[in-house]
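Structure record follows, encoded as structure tokens.
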There are 4 protein chains.
Amino acid sequence: MRVGVLTGGGDCPGLNAVIRAVVRKGVQEYGYDFTGFRDGWRGPLEGDSVRLDIAAVRGILPRGGTILGSSRTNPLKAENGIRRIKENLAKHEVEALIAIGGEDTLGVAARLTDEYGVPVVGVPKTIDNDLSATDYTFGFDTAVSIATEAIDRLHTTAESHMRVLVVEVMGRHAGWIALHSGLAGGANVILIPEQRFDLDQVCAWVTSRFKASYAPIVVVAEGAMPKDGDVVLKDGSLDSFGHVRLSGVGEWLAKEIEKRTGKEARTTVLGHVQRGGTPSAFDRWLATRFGLHAIDAVRDGDFGTMVALRGTDIVRVPLADATAKLKTVDPALYREVGVFFG
Amino acid sequence: MRVGVLTGGGDCPGLNAVIRAVVRKGVQEYGYDFTGFRDGWRGPLEGDSVRLDIAAVRGILPRGGTILGSSRTNPLKAENGIRRIKENLAKHEVEALIAIGGEDTLGVAARLTDEYGVPVVGVPKTIDNDLSATDYTFGFDTAVSIATEAIDRLHTTAESHMRVLVVEVMGRHAGWIALHSGLAGGANVILIPEQRFDLDQVCAWVTSRFKASYAPIVVVAEGAMPKDGDVVLKDGSLDSFGHVRLSGVGEWLAKEIEKRTGKEARTTVLGHVQRGGTPSAFDRWLATRFGLHAIDAVRDGDFGTMVALRGTDIVRVPLADATAKLKTVDPALYREVGVFFG
Amino acid sequence: MRVGVLTGGGDCPGLNAVIRAVVRKGVQEYGYDFTGFRDGWRGPLEGDSVRLDIAAVRGILPRGGTILGSSRTNPLKAENGIRRIKENLAKHEVEALIAIGGEDTLGVAARLTDEYGVPVVGVPKTIDNDLSATDYTFGFDTAVSIATEAIDRLHTTAESHMRVLVVEVMGRHAGWIALHSGLAGGANVILIPEQRFDLDQVCAWVTSRFKASYAPIVVVAEGAMPKDGDVVLKDGSLDSFGHVRLSGVGEWLAKEIEKRTGKEARTTVLGHVQRGGTPSAFDRWLATRFGLHAIDAVRDGDFGTMVALRGTDIVRVPLADATAKLKTVDPALYREVGVFFG
Amino acid sequence: MRVGVLTGGGDCPGLNAVIRAVVRKGVQEYGYDFTGFRDGWRGPLEGDSVRLDIAAVRGILPRGGTILGSSRTNPLKAENGIRRIKENLAKHEVEALIAIGGEDTLGVAARLTDEYGVPVVGVPKTIDNDLSATDYTFGFDTAVSIATEAIDRLHTTAESHMRVLVVEVMGRHAGWIALHSGLAGGANVILIPEQRFDLDQVCAWVTSRFKASYAPIVVVAEGAMPKDGDVVLKDGSLDSFGHVRLSGVGEWLAKEIEKRTGKEARTTVLGHVQRGGTPSAFDRWLATRFGLHAIDAVRDGDFGTMVALRGTDIVRVPLADATAKLKTVDPALYREVGVFFG
């Protein structure tokens, strides 16, 4: 049997670990052959592929990015997209497909299987950890670790009493990275997209923190919004992925805090540093186990499913369920963490 | 209400994060006062205590070790141990106790609550991750990360084809650290205490690995044992914690591999490096949430319980259950990982 | 003899290592007593001090910041500043002073010694590495390491071909951090304050890089300026240290590159992350040796001097010389590194 | 012109950075072609080579090891070694050779140039930093950083008062790594090969340290020897490089300390972890500049020389001088650092 593999969507540390695990187990235990498709759905759409064998996946476990490339190509929007994918799979004699990606990639996978009978197994991937149906996605722990290390270093300046430190982290729609890194780093304010923030409240925390001990560290997710300030942060343009472009909530927030509290504020914007480089040990473990279980699902002919983490177990869930709903930060959890604010 | 806190057993990154979370939430939300007992059960046994308030726990989140000290004192073995603890708690007006520790510490906690009516809530701690009833314990992710980073560096030498590299990691009775770091680091052989290893098999993997690609990296838990070689590794003496002293399975293994394969072998013994220093972001998150939920259990009067991780939730389980049985590596999981051996 | 110690100017990893070395050697080998003055020159000006002994400096070697606090107070601008300092030194029976700081702090030290006979020994400190008379200053290696690690992570995204990555690093007047981290990180463009950059040239490098291999990484010092673009980047306001405030050359540059090349660009602004946290091993070595030699200079009565690194030796140079001239990046060195541009 | 490049001797982070710099500058600025010889002197001896161009050196800057491989082959001991090298260079039309290596590799280079007229430029490489004629060699800073980070983590255990911690680091003949990492890590005892240690003195330091504050950390170079204990540590056998095999001074020392002081002692043996993985920013800077200057020496026809670091400058020195004498730790420097012992 020949199995196809593709990776879609944004970069995420651990993609290569999945590919390696899929190929290692598929070749060694089941005797499968593998075809890697390039750049997400663009690969099977255009028939752009590369041979994957054990030599091809050697040494890639600790490397960020993906040896298969990625893209946001949506075959459902391409002319005759589905037909072309089916033809290319047939041409390459690919009898099953493993699609590693986020909401968009898996949404396509779900429709391909359910509506068009293409045998796909999904592997969830989002650095933002906002996919329901899995406890965690790989890449998230790496991003949180990088952001936490940055916050750790800012405490030195905070202890010198002088400046408010604002750190902008990833998270357009979900505040998981902000929440986890802010908690782990001992931040004094954490702002997430799920809950519009009140600038007066933020400034009150800043002021009280200065009185209580050191200078405050404010962690803000890139998608966090003030209660009535969205106009300020969007210029209406779209980026290359069709996202509304946001212009720097971190920088904006620092200026507002300076203006209102009279305290100098400085910003750190981590940007893509959070999604690059070697995956954490946790993410390598998770990504590898996802890969090992995805190829088992292929062997079992269990298509239309996605592997997912539940506790310490890897389980299979229907692809359609998996992407039904964004997993956002529960207000109760946000309140729980709020004991450390101010 | 006044709440006592103690930490028992071996070092584990995250102990301070628990203490901080307990005190922050207890003071701010419930208005409790806190007494820290020094050196595990020795503290309440001898009445050795220190005042804990918000100032006392400031800045300790990222610090390894424990500000309260630790010990292996077992009050059940001390003369009138239980009576003295009850008297000292009464004298300090401590109405509830939070005990943070491993199998031994929590075992005492269980008996104190169940048999003597001392109101205790437990927080599980073991760097080896071998406590049942919780998905993970804090400290484990840090240890795995440190070991993985070391293995990563050894790949450079492995790529030069010349030497077998043996890495000895922690794990006397359970192979979790070896399994996770070995998988995450891309080791070629992983040996755990749960399954006696066959030296011939190890040498076969070593030899085949040299043929296939690079030199092999062998990760061995300190408690791993060859099939009939225990005599070699124990000299019969006990260490200060009453453990049978093991003398270096890593060094022994390297010598045996040299002898049998003719390939030079070198050993890295990480030792206490694995349990020191700042906790990982994951461990800080877990330890903090354990602390927040332990103080909630105190408020609810839910004594005789222990907080535990289940998926992404913190739950409460009976203390007695928690320590009933060592959580060891399941043979099926070890086989799953075995696809990467050789 | 009683010796005073103070730290002035901005944060710099290694300050505590100097203090510790001064006190350890001073107490153990020479039997001196020590007074720490708080917040730079504010301490002796206002008589704000703390006792320094071996216990006080225990454990501070790996810690960022300074246990003595810092400030930018200039006693030469304070009413009767010099007289008050002399009175406070006399009152505290301080017979010699070790001043650890940058251009401003050491400039004051030079005048105090030369014009007013206050016995001062200087220790150079600037994270920007822009003090002449010493090969390196501590803190610089730490900042370069942090920036390099960030750039390393950005390569993952660069390899995906899609985006220009701009990294803004510290350096208002000298481009040392940009030059060293850009070289070590394998950046494709490095822009420094010493040489105004030509936006067309930058865009030409960006475009050619996309053609040759991957997406480009552009490292820009915060003080770098386009050839005729200063108006854009200064809003005329001053920050709390009297510096003209710059508003984000990194963000500005990313937007200009997008506009001109049609390639999406993203920015990372490291900010204070670069000057916080634990010092690198190199900086601890350098800072400790500076401390050991500074107390030797005190013992020798060699006042008006500053310790400095020359090769692997610590030497003494006149304080006045040391601060005479900013050490900027030599055009020949910038050209040497330029082989990696584009 | 065609230039040959080879790397000899043990692994050292930074080798790839040198190769990359040599090729980048050689191709871009001087239009040279490059031949890489495999496995040190074995390459030109046997005519085993690979083409080096800009594509071949892309992405190797942060990678440990060497893309050219290495060996300890000594062509002076091979039959007709010199003649075969000259023939192979002629056959490959290689008109100049850049040899990157340590004492052995450069010793051969010196004789090839001086006695046989082969045009060689040397680049010094030793992780032990024991080559005279250069302030530092690349790889050393990386090794020191790794060892320091390990020592940092051990302080957590040291603070718990219970155990002596022994760390064995690299350094067979010179104690530079032990000295720098021990100082930077705040070790309480540092033992180096240059000075035989007195076990009674070591135990006295250990005992006094326990009294003064925490438990002691003892850093010992692998080549350090007790005053009359060499018999214990050598079993007379040779390793694959012809070195007398040492069997674990760290482990031996821990046992002796236990026996004599009654304090439990644990050992960490870092081994090859110290020489693998990505080079530090400092080492990348140094290695890159060595490469840039080595190709300049080739262009200048300045053969028989080696590049070297003097302060912040790269200079050229005669190859013969460079390897004349091992650079060991000066007793005065060891005494200077000794203020932190005990």
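Source: prediction; values computed, not measured.
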### Polar side-chain atom of R153(B) near backbone of V273(D) as donor-acceptor pair, under 3.5 Å
no
#### Entry: Rounded distance [0.5 Å steps], CZ in R63(B) versus CD in E159(D)
6.5 Å
### Summary
Residues passing the side-chain contact (heavy atoms from CB on, under 4.5 Å) test with V5(B), sequence neighbours excluded, are I19(B), V22(B), F34(B), L52(B), L68(B), I100(B)
### Message
Applying side-chain contact (heavy atoms from CB on, under 4.5 Å), can you list everything that pairs with A287(B), at least two apart in sequence or on another chain?
### Response
A17(B), V18(B), F138(B)
### Message
Quick check for you: to the nearest 0.5 Å, what is the distance between L154(B) atom CG and R275(D) atom CZ?
### Response
11.5 Å
### Top contributor to chain D interface from T66(B), D39(B), D11(B), D152(B) [non-hydrogen pairs under 4.5 Å]
D11(B)
### Part of T267(B) within contact of chain D (heavy atom distance under 4.5 Å)
backbone
### pair V167(D)-H272(B): side-chain heavy atoms closer than 4.5 Å
no
### Side chain / backbone / both / neither for I146(B) at chain D, heavy atoms under 4.5 Å
side chain
### Query
Between E149(B) and chain D, which part of the residue has a heavy atom less than 4.5 Å away: side chain, backbone, both or neither?
side chain
### Summary
Scored by heavy-atom pairs under 4.5 Å with chain D, the best of A158(B), P13(B), A150(B), S70(B) is A150(B)
### Query
Would you say T156(B)'s side chain and G277(D)'s backbone share a donor-acceptor pair under 3.5 angstrom?
yes
#### Entry: R260(D) atom CZ, over 12 foreign heavy atoms within 6.0 Å
yes
